[in-house]
Amino acid sequence: MPETTAQKIERLKAEQNPWEELPRLFQQFRAGFGAIPAADLNQRLKWWGVYTQGDGDGAFGGAARYFMLRIRIANGLLTAAQAAVIAGLSQRYGRGLADITVRQNIQLHWLEAEDLPDIFHALWDAGLTSQAACGDDTRNVTGCPLAGVDPEEWTDASPLARAIGRELIAREEYYNLPRKFKLCVTGCRQWCPNPEINDVAFTAYRHQGDVAFGLRIGGGLSAAPHLAVALPVRLTPDEVLPVARAVCEIFRDADELRQNRAKARMKFLFLEHRWTAEQFVAAIERRLGRSLTAAPPDSPPAAAFRDHIGVHPQRQSGLFYAGVSVLRGRLSADQLQVVADAAGKFAQPGDAIRLTAMQNLVLTGIPAAQVKPLEQTLAAAGLSIAASAFRRGTISCTGKEFCKLAVTETKARAAQLVRELEARLPDFPEPVKINLNGCPNSCGQHWIADIGLQGILVKTPQGPAEGFDVFLGGGLGAGAGLARKTLARVPATELADRLAALLRFYSRHREPEDTLRDFVRRTSPQQLAAVLGQAPAAPTPVRTREELARAEAQA
């Protein structure tokens, strides 16, 4: 009987620890793409943050002879020197592209096998790594990008995030997990790194004047979305790392999750295997050999738009942080170099550059006298501290430009959609979270957006064309819920007109305190579908791939 996909991958992982195979992989890299065996090419390279790149046709194409490299940025914190190194690598090897991800990483594209050893060494010399940025291991540990500078934070949790990341990629016993393992540690009040959709999340609060952490387990999106379950415990800061280790070991040893790759994430202990919050607490306590403090779960913050755009005072007197809008997370190498230079010139030393879960970035430690020069420097590079309601809130996955699973382009379409909405609704007053995905896997997180767009193919008289299913009303925080599919198979060329009609309808009929999420949730799906379903009189002309690329370059 032939091996299943799950059995094959489990066998390959058991045969070799990819973290120990780098000297051998380096020899293959230097010999060129064709010298890399399939098992390494398709599996083991992922443990070092390396994927084969798609040929531009997404799920309908194949792999090109280039690689994507995901650089792990713990808590999203970068120094100016590190950002400059990444900009240089992008310029020299990656055709000048650098994409910020929703997990505070940076991805480079167009990398050739022969160059990967030099790229790895350059990252290591800068104190960076791509280890465990992909694969069945502990992915980048996310946290609040304002850690240590937010005047309202409960605590600076970034040392914990960094410690967990180091611990869980330093030991051989943690290389072979059933699937990817995503953690979040945040000390902020707003929960901006989205702990609700992580496998494990630690959220700070105050209890009787002391810092404590709540614990949530089993969040994740993809095609089976599930918000994390709050456990009835209260942790001290000293307990966070041991509990993270214990949960990782529970996940590692859950053989029931190794039978089906589609159901191998932590959330399926709840969705498929009927685990309860109390059962999970008991499992953690067995691993620790002691009890945890029982307590009601901490409460999520009020639903709010979780970004950091604009200039705001830090907790340090006389210093400011500046949140910069990066449309759909894409920077050119030149722009990233400008950011690095600006941080070195205008900011205080340290982790002056912070990446956010909204694919934007923040510069910290800016003296008041340097704020205006910083704004001018960034604006000259096409980066804005003041952004429209649509520009600041639109994120996207990689799309079929580079991803082998996507059925639609997303990065260029996101840029085009933003420009068209800005033209139709130039004075729209409140930020709107618009998330684009090229496939159902939800790397762009359409389930938790005000407006989520999932790529799909649409039948037209001219043949199949790119389109999107429209999901509305998702969001996190108090009253968290998943977006619901409201209209299917909208041609991509009609999106701007249909969404503009929806937003005008919202503006006319909202209550004074309504957010878009509130309004969508109290409006019948049939009524929303009727508004969205009105095809525009003159749809936006279909654009070729070359036209989309030119439009993206102008964004």
Side-chain angles (χ1 to χ4, degrees), residues 2-72 85-86 88-99 101 105-126 128-140 169-170 172 174-177 179-180 261 333 398 400-406:
E3 285 183 310
T4 66
T5 299
Q7 289 169 338
K8 178 180 178 180
I9 293 174
E10 289 300 320
R11 174 176 57 78
L12 290 173
K13 290 191 293 184
E15 288 174 356
Q16 291 179 336
N17 174 358
W19 291 346
E20 297 178 345
E21 293 297 310
L22 205 52
R24 180 179 62 80
L25 295 174
F26 270 22
Q27 291 178 346
Q28 295 173 6
F29 294 156
R30 296 200 185 279
F33 187 94
I36 305 174
D40 293 333
L41 193 68
N42 299 323
Q43 293 299 326
R44 296 189 183 103
L45 294 189
K46 296 177 184 178
W47 272 252
W48 286 99
V50 179
Y51 280 103
T52 54
Q53 183 172 296
D55 60 8
D57 286 326
F60 307 104
R65 295 174 68 88
Y66 297 99
F67 294 98
M68 180 274 283
L69 176 70
R70 183 177 296 148
I71 304 168
R72 185 185 183 100
V85 167
I86 297 172
L89 293 174
S90 171
Q91 190 72 268
R92 182 174 181 180
Y93 301 110
R95 299 192 186 181
L97 294 180
D99 287 342
T101 77
N105 300 298
I106 292 181
Q107 293 183 171
L108 303 181
H109 298 281
W110 296 111
L111 306 181
E112 298 191 41
E114 294 88 340
D115 296 323
L116 286 173
D118 292 338
I119 293 170
F120 273 66
H121 280 289
L123 291 174
W124 295 336
D125 289 345
L128 296 167
T129 187
S130 63
Q131 183 181 353
C134 311
D136 294 353
D137 47 25
T138 300
R139 302 294 183 89
N140 191 40
I169 69 171
E172 179 181 1
Y174 299 130
Y175 90 87
N176 182 1
L177 305 180
R179 276 294 247 128
K180 65 184 77 170
R261 296 283 292 175
T398 298
K400 75 175 190 179
E401 178 185 15
F402 298 122
C403 177
K404 301 188 295 293
L405 301 177

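Given the structure is predicted, the values throughout are model-derived calculations rather than measurements. Just so you know, these numbers use all the heavy atoms, side chains as well, and skip hydrogens, waters and symmetry mates.
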I need the minimum non-hydrogen distance between [X] and [Y], along with the two atoms involved.
| X | Y | result |
| --- | --- | --- |
| A333 | S90 | CB-OG, 3.5 Å |
| S130 | R70 | CB-O, 3.2 Å |
| Q53 | K404 | C-CG, 4.4 Å |
| L108 | L97 | CD2-O, 3.6 Å |
| A122 | L89 | CB-CD2, 3.9 Å |
| F29 | A113 | CB-O, 3.2 Å |

Using 4.0 Å as the upper bound for N to carboxylate O, is an ion pair formed by [Y] and [X]?
| X | Y | answer |
| --- | --- | --- |
| R261 | D136 | yes |
| D115 | R92 | no |
| R44 | E21 | no |

Does the [X] side chain pair with the main chain of [Y], one donor and one acceptor, at a distance under 3.5 Å?
| X | Y | result |
| --- | --- | --- |
| T101 | N105 | yes |
| Y175 | K13 | yes |
| W110 | Y66 | no |
| K400 | F60 | no |
| D55 | G62 | yes |

Out of curiosity, [X] [atom1] to [Y] [atom2], how far, rounded to the nearest 0.5 Å?
| X | Y | atom1 | atom2 | result |
| --- | --- | --- | --- | --- |
| L25 | R30 | CG | CZ | 12.5 Å |
| N140 | I106 | CG | CD1 | 10.5 Å |
| L22 | F26 | CG | CZ | 4.0 Å |
| Y174 | T138 | OH | OG1 | 9.0 Å |
| L128 | I119 | CG | CD1 | 13.0 Å |
| L12 | D40 | CG | CG | 9.0 Å |

Inset, instruction - Give the ring-plane orientation class for F67 versus F33, where under 30° counts as parallel, over 60° as perpendicular and anything between as tilted. - result: tilted

Applying side-chain contact (heavy atoms from CB on, under 4.5 Å), can you list everything that pairs with [X], at least two apart in sequence or on another chain?
| X | answer |
| --- | --- |
| I169 | W19, R72, Q131, A132 |
| A59 | V407 |
| Q27 | none |

Inset, instruction - List the steps and the verdict of side chain to side chain contact (heavy atoms under 4.5 Å, CB included) for N176 and E10. - result: CA-CA 9 Å; N176 182 1; E10 289 300 320; 4.1 Å; yes

Inset, instruction - Show your working on side chain to side chain contact (heavy atoms under 4.5 Å, CB included) between D118 and Y93 and close with a plain yes or no. - result: CA-CA 10 Å; D118 292 338; Y93 301 110; 3.9 Å; yes

Is any side-chain heavy atom of [X] less than 4.5 Å from a side-chain heavy atom of [Y]?
| X | Y | answer |
| --- | --- | --- |
| L45 | Y51 | no |
| P18 | K46 | no |
| M68 | F402 | no |
| K8 | Q43 | no |
| W47 | Q16 | no |

Inset, instruction - Evaluate the side chain to side chain contact (heavy atoms under 4.5 Å, CB included) criterion for residues L69 and L123: first the C-alpha distance (whole Å), next the side-chain angles of each, then the deciding distance (0.1 Å), finally the verdict. - result: CA-CA 11 Å; L69 176 70; L123 291 174; 3.9 Å; yes

